[in-house]
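Notes follow once the structure below has been shown.
Keep in mind the model is a prediction, meaning the values are calculated, not measured. Throughout, a chain's letter reflects where its sequence line sits, starting with A, and its residues are numbered from 1.
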Amino acid sequence: MISDITIGQYYSGNSVLHRMDARMKLILTFASIVAIFLCKNFFSLGLMVIFTVAATLLSCVPAKMVIKSLKPIIVILIFTAVLNIFYTTGGDTYFKWKFIEITEEGVNTAIFMAIRIVSLVVLSSLLTYTTTPTLLTDALERILSPLKVFKIKVHTLAMMMTLALRFIPTLIEEINRIMNAQKARGADLETGGIVARAKALIPIFIPLMISSFRRAYELAFAMTCRGYTGGEGRTRMKQMKLRVSDFIACAVVCALVGGIIALNIYFEAVI
Amino acid sequence: MISGMIMDEKIIEFNNVTFMYDAEDEETGVVSAPAVKGITLAINRGEFMAVLGRNGSGKSTLAKLCNAIYEPYEGDVIVEGMNTREEENGDKIRRKVGMVFQNPDNQIVATIVEDDVAFGPENLGIEPKEIRRRVDEALKSVNMYEHRLRQPHNLSGGQKQRVAIAGVLAMQTDCIVLDEPTAMLDPVGRAEVLQTVKRLNKELGITVIMVTHFMDEAVEADRVVVMSSGEVVMDGTPQQVFSDIEKVRAYGLDVPQSTALCAALSIKENVLNAQQCVDVIDRICGGVK
C-alpha cells in the first residue's frame with residue numbers, strides 16, 4: 001500500500017529520453033506544451049499528436065502507465081468536451097432538439113480541446129516518467145541559476161523541493177499511523193456531516209504538525225552534521241552535460257514548432 | 001583483549017564538560033539541572049566505545065557534544081586538537097566526526113539511495129568523480145550497493161540505517177558517533193547495523209562511539225561507559241563493567257541475559273554472551289556427569 005508510492009512517478013529505464021539531459025528535457029517539454037496551444041487546425045494538431053506518440057514510443061514507458069496518468073483528468077476531459085459541444089455554436093447544425101443544439105464548430109472544438117489536454121498531460125508525464133525527482137530539481141536549479149542576479153535563492157528553493165518530495169511518503173505513513181491511533185481511542189472519522197468530519201480531522205492534523213516540526217528539527221541537525229552549509233561551494237556527483245542527442249532533440253522540437261506554424265498558415269483555422 | 005592494540009592517540013577529549021539545555025531562566029534566574037556535568041573522558045583512535053545509561057542520563061547529549069552541535073557550558077571538548085567552542089572549527093570538526101541518528105527517516109535527504117550517500121561529500125565540495133568513487137565504496141562496505149538506485153522509503157529500517165552510515169562513510173570521517181541507531185529497528189535490522197558498525201571499526205579502523213540501551217550491543221564494544229544523571233559512573237571493558245552486576249543494576253540498567261543467568265546460578269566466571277554461557281554451563285554440567 002504505502003510502499004507502492006513512488007516519489008514523483010519515475011519509471012526506471014534506459015531509453016533515449018531517459019538519457020537526455022534533464023535541463024534540455026525540461027525546456028523542450030515546456031516548448032512543446034506551448035506548441036500544443038499554437039495549433040489552429042487539425043493538420044497542425046495532427047503533427048502534434050504524431051510528435052506526442054513518437055515521444056511516448058521513444059521513452060519505452062509502457063502504454064498502460066501513460067494511460068494511467070490520464071485517469072485523474074478523465075472527469076475534466078468529459079466535462080470540457082460536453083461544455084464545448086453545447087456552448088460553442090457555428091457552422092452546420094447536426095442535431096437540434098428544443099434548446100439543445102449540436103453544431104459542427106461545437107464538435108470540432110470539443111475534439112480539439114480533448115486532444116490538446118491529452119497531449120499536454122502525456123507530454124508532462126513523460127518528463128516525470130523519464131527523469132528522477134532529484135535530477136528534475138537539479139535541472140530546475142541550474143536553469144533558474146541566472147536568477148541569482150536578482151538575489152533569488154535558487155539553491156534553497158531547489159533543496160526545499162527535494163526535501164518536500166522526499167518527505168511525502170514519510171508523512172503519508174505518519175498520517176495513517178495517527179489516524180489509526182486516534183481511531184483506537186474512539187475517534188470517529190467517517191460519519192457525520194461535512195462540519196463534523198472537518199472537526200474530526202483536527203486531532204489528526206495537530207499531531208501531524210507537531211511531529212513534522214520535530215522531524216524538520218532533526219533533519220536540520222542531520223544536515224548540519226553532514227556538512228551542509230547552503231549552496232556555496234557545493235559540488236554534484238551527477239554532472240550534466242549536453243550531448244549531440246540533446247541538440248538533435250532540440251532541433252526536432254524546433255522543426256515541430258516550425259511545422260505547426262507553417263500548417264497554421266497553409267490551412268484554414270478551425271479554432 | 002583488543003584494548004591493548006589500540007593506539008594511545010586521543011581522538012576526542014572531554015575536559016570537565018558541563019552542558020545544560022536552558023542555561024538560565026530569565027525570569028526566575030534559576031539555573032536548570034545540567035544534562036551533562038563535569039565529564040572528563042578521552043576516546044582513543046580506533047576504539048569502539050559503547051555509552052550506556054537510562055533515559056535522561058545524558059548519553060545523547062554526550063554524543064551531540066562530540067561534533068560541535070552543542071557547545072559545552074563549562075569545560076572543553078577537543079576533537080583532534082580542535083576546540084568545539086570555536087565557531088570556525090565547526091565545519092572542520094564535522095569532517096572528522098560523523099553522526100548517525102536514531103530515526104533513519106529524519107536523516108535521509110534525497111529520494112534515491114546513492115544521491116543521499118553523495119549528499120555529504122557534495123557539501124564538502126569534492127570532485128564529482130571522487131564522489132562517485134566514494135559513494136560506490138561506502139555503499140559496498142555497508143552491503144547496500146545493489147540497492148543504490150532504490151528509493152529510501154521502500155527500504156527496511158536496518159537498510160535505511162545502513163544507508164545513513166554509508167552517508168557518513170562517504171565523508172571519510174575518522175570517527176562515527178551513533179546515537180541509538182538501533183532503537184527503532186527490529187531484531188534483524190539491529191543485527192545488520194551492529195555487524196556493519198563492528199566491521200567498519202575492525203576493518204577500516206574507524207573510531208566508533210555508540211550510544212545504546214541494548215546490553216547485548218554494548219558487550220560487542222571494546223569499552224563501555226555507563227552514565228547516570230549526567231555523570232560517567234563506570235568506564236571499562238565489558239567484562240569489567242558487567243562483572244559488577246549490583247552496581248550496574250543500581251544505575252537502572254540491566255546486565256546481558258547470559259550474565260544474569262550465570263550470576264543466578266552462582267557461577268563465578270564472567271560471562272557476556274550466549275555462547276560463553278553455553279560453554280560454561282556445558283563444562284560445569286559435564287563435570288557433574
Side-chain angles (χ1 to χ4, degrees), chain A residues 2-10 12-14 131-138 155 158-174 177 211-241, chain B residues 63-64 66-70 90-95 97-112 114-136 149-156 160 164 167-168 170-171 173 176-177 179:
Chain A
I2 290 292
S3 55
D4 287 346
I5 304 168
T6 38
I7 307 170
Q9 42 180 353
Y10 182 65
S12 67
N14 197 26
T131 325
T132 62
T134 323
L135 269 178
L136 211 55
T137 44
D138 236 24
H155 169 79
M159 181 51 85
M160 276 161 58
M161 271 171 67
T162 313
L163 290 178
L165 284 170
R166 152 73 187 81
F167 274 90
I168 289 171
T170 311
L171 291 182
I172 290 177
E173 223 171 305
E174 182 106 331
R177 203 161 37 224
S211 85
S212 303
F213 275 111
R214 195 177 306 136
R215 273 180 201 283
Y217 191 66
E218 266 181 45
L219 182 71
F221 247 13
M223 285 170 74
T224 314
C225 284
R226 294 171 74 181
Y228 184 71
T229 48
E232 291 298 310
R234 263 192 116 220
T235 47
R236 288 303 166 83
M237 175 171 73
K238 288 171 183 163
Q239 292 294 301
M240 290 195 180
K241 228 189 245 156
Chain B
K64 283 175 181 138
C66 287
N67 70 343
I69 294 187
Y70 291 162
D91 288 340
K92 278 186 241 159
I93 287 169
R94 286 189 275 267
R95 286 176 188 224
V97 181
M99 194 143 177
V100 175
F101 294 90
Q102 186 183 73
N103 189 340
D105 280 326
N106 295 353
Q107 53 189 323
I108 290 176
V109 178
T111 47
I112 291 190
E114 62 171 15
D115 289 344
D116 185 72
V117 177
F119 181 72
E122 282 177 346
N123 290 334
L124 303 183
I126 289 155
E127 284 296 300
K129 271 191 191 140
E130 171 68 7
I131 299 181
R132 182 81 253 178
R133 197 187 62 74
R134 284 188 184 190
V135 167
D136 290 348
L149 295 177
R150 288 180 67 190
Q151 305 199 349
H153 68 271
N154 292 333
L155 302 175
S156 73
K160 281 185 213 171
V168 176
M171 288 173 75
T173 58
I176 299 184
V177 180
D179 188 0

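The CZ atom of A/Arg226 sits 4.5 Å away from the CG atom of B/Asp116 when rounded to the nearest 0.5 Å. Atom CG of residue B/Asp179 and atom CD of residue B/Gln102 lie 7.0 Å apart, to the nearest 0.5 angstrom. For the atom pair B/Ile126 CD1 and B/Arg133 CZ, the distance stands at 10.0 Å (nearest 0.5 Å).
Between chain A and the options B/Val177, B/Leu149, B/Asp115, B/Thr173, heavy-atom pairs under 4.5 Å are most frequent for B/Asp115. Between chain B and the residues A/Thr137, A/Thr224, A/Thr132, the most heavy-atom pairs under 4.5 angstrom are made by A/Thr224.
Residue contact with chain B, scored on non-hydrogen atoms closer than 4.5 Å, involves the backbone and the side chain of A/Glu218 alike. Interface remark: B/Asp91 contributes side-chain atoms only to the contact with chain A (heavy atom separation under 4.5 Å). At a 4.5 Å heavy-atom cutoff, the contact between B/Phe119 and chain A is made by backbone and side-chain atoms alike. Looking at B/Lys129, neither its backbone nor its side chain comes within 4.5 Å of chain A, counting heavy atoms on both sides. Contacts of B/Glu114 with chain A are made by both backbone and side-chain atoms, with heavy-atom separations under 4.5 Å. The contact between B/Ile108 and chain A is made by backbone and side chain atoms together, counting heavy-atom distances below 4.5 Å. With a threshold of 4.5 angstrom between heavy atoms, B/Val100 does not approach chain A through any atom at all. Residue contact with chain B, scored on non-hydrogen atoms closer than 4.5 Å, involves the side chain of A/Phe167 exclusively.
Contact between A/Pro169 and A/Leu165 at its shortest, heavy atoms only, is CD-O, 3.6 Å. Between A/Met159 and A/Arg234, the shortest heavy-atom contact is CE-NH1, 4.3 Å. Closest heavy-atom contact between B/Met99 and B/Val168: O-CG2, 3.7 Å.
B/Asn106 places no side-chain N or O within donor-acceptor distance of the main-chain N or O of A/Leu219, the cut-off being under 3.5 Å.
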